[in-house]
Amino acid sequence: MSAQAYRLPQGGRIDRTRPLAIRFDGETYEGYAGDTVASTLLANGVHLMGRSFKYHRPRGLLSVGTDEPNALLSVDRGPGRVDPNNRAGAVEAVDGLVTGSQNRWPSLGFDIGAVNDLLSPVLVAGFYYKTFMWPRSFWDKVYEPIIRAAAGLGVAPEGPDPDRYAHRHAHCDVLIVGAGPAGLAAALAAAGSGKRVMLADEQAEPGGALLHDPRATIDGLPAQDWVAQTLAALDGHENVVILPRTTAFGYYNHNHVALVERVSDHLPLDQARDLPRERLWQVRAGEVVLATGSHERPLVFADNDRPGIMLAEGLRVLVNRYGVAPGRQVAIATVGSSAYTAAADLAAAGIRVTIVDVRLAGDCAADVAFAAQHGIEVLAGHTVVGSKGRLRVSGLVVAPLRADGSVGARRTLPCDCVGMSGRWTPAVHLFSQSRGKLAFDAERDAFLPGTHAQAERSAGACAGDYDLAACLDAGFAAGAAAAGVSEARTFQASPTRTGFQPMRVLPTDADPGRVRAFVDFQNDVTAKDLKLAVREGFHAIEHVKRYTTTGMATDQGKTSNMNALGYVAGLLDKELPTVGTTTFRPPYTPVSFGALVGPSKGALFDPVRRTPIDPWAEAHGAVFEPVSLWRRAWYFPKAGEDMHAAVARECAAVRDGVGIFDASTLGKIEVVGPDAAEFLNRMYVNGWSKLAPGKCRYGLMLKEDGFILDDGVVARLAEDRFHVTTTTGGAPRVLALMEDYLQTEWPDLDVFLTSVTEQWAVIALQGPRARDVLAPFVSDIDLGNEALPHMSVREGFVCGVPARLMRVSFTGELGYEVNVPADYGRAVWEALWEAGRELGITPYGTETMHVLRAEKGFIIVGQETDGTVTPDDVGLGGMVSKVKPDFVGKRSLARPDLVAGGRKQLVGLETEDPHERLDEGAQIVLDPSAPVPVPMLGHVTSSYFSPACGRTIALALVADGHARMGETIHVTTMAGFARATIRDTVFVDAEGVRVHARDS
Amino acid sequence: MRRFNLANLLTEAVRGHEGWGRQWRSPEPKKSYDVVVVGGGGHGLGTAHYLAEVHGITNVAVLEKGWIGGGNTGRNTTIIRSNYLYDESAHLYEHAVKLWEGLSRDLNYNVMYSQRGVMMLAHNVHDVQVFKRHVYANRLNGVDNEWLTPEQAQAYCPPLSIDPRARYPVLGAALQRRGGTARHDAVAWGYARAADARGVDIIQNCEVTGFRRDPATGAVTGVETTRGFIGATRVGVAAAGHTSVIMERAGVRMPLQSFPLQALVSEPVKPVFPCVVMSNAVHAYISQSDKGELVIGAGTDQYASYSQQGGLQITTHTLDAICEIFPRFSRMRMLRNWGGIVDVTPDRSPIIGKTPVPGLYVNCGWGTGGFKATPGSAHVFAHTLATGEPHPINAPFTLDRFRTGRLIDEAAAAAVAH
């Protein structure tokens, strides 16, 4: 075949001076800039482009747009840039593009999977619900893998994806979706208002249907010239943004519209790399004008799916926009007038055309006369009962309709291409997504926008205006109203051929139980499948959809839903709307995950919070662990040390000398105001009124259900000022809870809450030598035991930097937490570290912190507690105020089951084998040989090797644990069970003297 | 009822499938029934089935305000597992999994329970502690669950990235091999067909608008509906996200909040994802359907709502996580995105049992995880309705526990790291 044998000698909006070549299934095909993959292939006579989902039937292009169900190709733009399931008519041709067919083996022309077609009498709708149940184990071992291998369309991309994707958030006054005649007119009306206008269209070029309409005129101009003139006019308005290749796919609450712009897939392969591939726009629009047009409906007749059988308007697009002859001899089957325009355009391009019109001659006389002017033969009053051909249609089988409705003798019209025109389906998807209510319009046999839910207007074909002048007028009116201008305008335009005769399935003489007339092409749903569903009692349209899968394919029923709905209504003998309307859900067309993700990947997936001291830790070899959004130094291994060795060394340093620890991630909330103490009284279980300024107290906070939510040391800086600390991960939820109560329950309290987590760097010095390190840097605070005892706070200067100095300890040793403004954090840290080196100061990480506090039996919220633990359960019941009238969780603490026996209580564990380290999360049982289900007493919450004890230690929650001291229990291990003894929770310095450092 | 089997399917294939009858009737409601079940989702239809099959109570109506299976049954991501921490939950969900394993044959309807394995990813030390706690507890309860290293996890699910430099690297995983997925619609239809065959009336387009109660005892005597009054002295409500609305009509205020929960599917592709993967830490749930679509679940919206439409930011955040864990899916495309309304209790566990109104029972509060429990939930709820007393398995799941404090807090068990 010669190159581009089906390219018309002239016409189209392609650039014949810029040839290109693409590959399809290994063959090279030539085309021109402006072509799509589909138009390139058709220019070369290639109609067979794919195989259907279920029966693997040979399929060609049905539509030229995003409603395409059949011609789905894989597209290869280079390594890592291979995508499945692209609609051939929506992919712009680029020189060097590699494409391929899908869902076939070994080749598109000869596909083994087509054996399913022979089995089609068995493989009807829902067949899989009726079989594959024997034997029981065969479903997921045998049947399902076979079904899965046969299903699916293309092959998933290999990844990783080398492309990047952008996000853009924008506001505008008027967002217009669709740049066909209605959308352009709306933009014209809105542009002059000075309001911010955005006009988005999914195609490469604005203009919509006008781009393939050489006959139409608007205000005396050829339509395409009017488009150019209009675009030029809009271009002159700085307040108008035009976004081509941009599909509005989601319409959310409060006029939040999501659009995806294809930025670079259409560029030459070597030019696209500096640009993002796609851009997600999230637009918040004051007013929205939907001008989304309509889709043509196929006709339902036997074997209406052969390659070469297409929608009639698509033929027109091919001829007029791409200069491609879809065939040499074309038959057009129709129930209405618009196909006559397509036929005339084809005839004008020198293609032989025959029209088969189901309407009786008397019902279509004007159209027949129009056809006669163009030398087109019309078979009026004829139905289509089948088609011929295998990999390409070769004939259309037609028969006359008799006056009594019966079907006459068949004959075959030879042809190499068929157009179908089953009337229009307005694209109401976005309207429906906006939660607007659809209304059925019997005259148009379609759902139209009914009750609007948001600040939105629909105009043009999507609102049922099929006539060009009506489209323009409605679009202009919508644009003017949306922009708040009173200008009115009417357009003079050539008339549009509209009108049709509703006909849901073409009359046929065949046995309806035998023929296959496709309704949903991609999912291979036939009229007889729908009939079976109805026979089996699936009458709600959503049931029919789900049972037959009609409308569930990648085109989401754009060409099939109305035919299915109409046919089911006919079977049930109901009015169409009473069968139900299908629900339209986002997205309008499929959207890549990449576009939705945008930049939120890798390091930007979630921000990493780093402390001011983080770079120092990194430079000193720290290993980090993620703790909520933070990364924290986990341990500081020296050369040759593993984690165990490093932690043992760090622990020993703190117990014997001094360690330095970055506690900056602790949540910090400044609670200020005359009612600050009262506020804390209500938030925490313990009391704050009597805490003197300069003192610290450990606070415990509950949820309303009485279980521990958070803890932390609170320092009272002044009568009306508290420095509250929270757990690292708990900071946001504690602040949110505090604000919630303050704003909704106690607005009378005069208190301000400020998050100061990021404002203070916190350096913990812990160990018997801590004071020795710190003292030289403090001039205005007396660090003596009398002046600054354990649990006190002073404001002063450390290293000459304003500081809040707390004497607190989470290790059981003499300890200080030096709070300095974050910007000074690293400098102060380095000064302390340098000065401490001669004392052997050792930086330690979170793991050592965990070991040291476990040795002292201090809990970590989230580890010893899990949202089901009361203060009493962890031995902190004494903290709960008996005198306060109320605090959050107080009432719940009195609930019967929170005071009943048998609750799990925090205890210590020592394993029989001192080197056996239990798994955190391991379960505790009394009798490991008990039959399943084995009764469980509790679980291990913390487990470490304790250098101070020279053995492993553990904390656990055990039912009635406080009464089980000395009992031997069994703890699960991955291999079996370990024996352990229950003991108290304090493993080191039971008397608690070290923290007071009284001997120094 | 014509049996579903290969022989009948082949017979029908020869005669154009003319011999298949309705899978369930569409009867006019009777004046009264022994039991009325409010809500035609999986839980309600299953309850009717077990009332008939196990307890011989066939004078039963299921009232559905729309079409059966149209709520969360037909909107969820179909994950089935029983690896819950607490004994009460483990017994309930394991009861369900055991029923799932024989459900297709029990109903004579292929519900496609596919035991593909459910793998839950641990991304930090806290996750590791929590998941190991689950593994140990599950084993002692006779529920299969095993701990995997990152390498083992990737071997089980090849698309998984275990790059240690990831923002949230995979530190390990808990795998329940008996977990998997099922065909959600088939569950509703299968129960409907089986219940109908035993005489249960399934009444669609019938909304319950009120309750009639005995003025003396306060006991339920029937329900007011859009299709008239229907008498019944035992009424079970299983209305998922709208349970609080229905129960309010009976004067019972439920400890429930309703939120939109979203899910999405990709375009179908050839088999690429062999199991179910869940990551609680980054909010992502994914499997591949028999049809080839990646089925992805998101988290709930932050705000309570009855609108079956969530915010786009929830969807994009979920896809952020999916592409982070499975980088190869970046070029896949989202085909369909939808929402359902889930009813959430304070402890995230369901309520199955009596209410303060005599004769009125409720099965609700399943939150984001009700589908997996469908057979177990329906089975014990049927027992409760038939006998007036809870089955031992649902006995702990009382409404009263929010008063006594005997909570079953699975969400707390997976407490957020700090």
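To find a chain, count down the sequence lines: A is the first, B the second, and so on, and within it residues start at 1.
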Legend entry - Parallel, tilted or perpendicular, as decided by the 30° and 60° cut-offs, for the rings of A:Phe605 and B:His317: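 Parallel, since the angle between the ring planes stays under 30°.
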
Legend entry - Ring center gap for A:Tyr129 and B:Tyr109 short of 6.0 angstrom: yes

Inset, instruction - Would you check if the distance from the ring center of A:Phe538 to the ring center of B:Trp67 is below 6.0 Å? - result: no

Counting C-beta onward and ignoring hydrogens, is there a side-chain heavy-atom pair between [X] and [Y] closer than 4.5 Å?
X        : Y        : result
A:Phe593 : B:Cys323 : yes
B:Arg116 : A:Asp140 : no
B:Asn124 : A:Glu625 : no
B:Leu140 : A:Val925 : yes
B:Tyr136 : A:Met974 : yes
A:Glu920 : B:Lys132 : no
A:Leu153 : B:Val269 : no

Quick check on [X] against chain A: is it the side chain, the backbone, both or neither that has a heavy atom closer than 4.5 Å?
X        : result
B:Leu264 : side chain
B:Leu9   : side chain
B:Gln23  : both
B:Asp87  : side chain

Option that, when pairs with chain A are counted at under 4.5 Å, heavy atom only, ranks first among [options]:
options                                : value
B:Arg183, B:Glu293, B:Arg15            : B:Arg183
B:Gly21, B:Pro327, B:Ala186            : B:Gly21
B:Asp320, B:Val272, B:Asn337           : B:Asp320
B:Ser26, B:Pro346, B:Ala321, B:Ala166  : B:Ala321
B:Trp147, B:Trp189, B:Phe402, B:Phe273 : B:Trp189
B:Asp347, B:Leu407, B:Val125, B:Thr404 : B:Thr404

Are the side chain of [X] and the backbone of [Y] linked by a donor-acceptor contact shorter than 3.5 Å?
X        : Y        : value
B:Lys291 : A:Gly152 : no
B:Asn110 : A:Tyr128 : yes
A:Asn253 : B:Gly311 : no
B:Arg133 : A:Ala922 : no
B:Arg165 : A:Gly602 : no
B:Arg403 : A:Arg895 : no
B:Arg333 : A:Pro84  : yes
B:Arg22  : A:Val534 : no

So, are [X] and [Y] salt-bridged, with charged N and O less than 4.0 Å apart?
X        : Y        : answer
A:Lys130 : B:Glu12  : no
B:Arg331 : A:Asp163 : yes
A:Asp161 : B:Arg328 : no

How about [X] and [Y]: does a side-chain donor come under 3.5 Å of a side-chain acceptor?
X        : Y        : result
B:Asp185 : A:Tyr547 : no
A:Tyr251 : B:Gln309 : no
B:Tyr168 : A:Asp606 : yes

Engaged part of [X] at the chain B interface, taking heavy atoms whose separation is under 4.5 Å:
X        : result
A:Ile541 : neither
A:Pro607 : backbone
A:His543 : both
A:Ala553 : backbone
A:Glu158 : both
A:Val82  : backbone
A:Leu898 : both
A:Gln282 : side chain
A:Ala540 : side chain
A:Asn523 : side chain
A:Ala595 : neither
A:Arg631 : neither
A:Ser892 : neither
A:Lys531 : neither

Would you give the length of the straight line joining atom [atom1] of [X] to atom [atom2] of [Y], rounded to the nearest 0.5 angstrom?
X        : Y        : atom1 : atom2 : result
A:Lys601 : B:Ser330 : NZ    : OG    : 5.5 Å
B:Glu267 : A:Asn85  : CD    : CG    : 4.5 Å
B:Leu6   : A:Met133 : CG    : CE    : 10.0 Å

Legend entry - Pair A:Glu144-B:Ser114, side chain to side chain donor-acceptor pair (under 3.5 Å): steps then yes or no: CA-CA 8 Å; A:Glu144 191 183 41; B:Ser114 172; 2.6 Å; yes

Inset, instruction - With a 4.5 Å cut-off on heavy-atom pairs, point out which of A:Ser137, A:Gly594, A:Gly126, A:Ala156 contacts chain B the most. - result: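 Ranked by heavy-atom pairs under 4.5 Å with chain B, first place is A:Ala156.
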
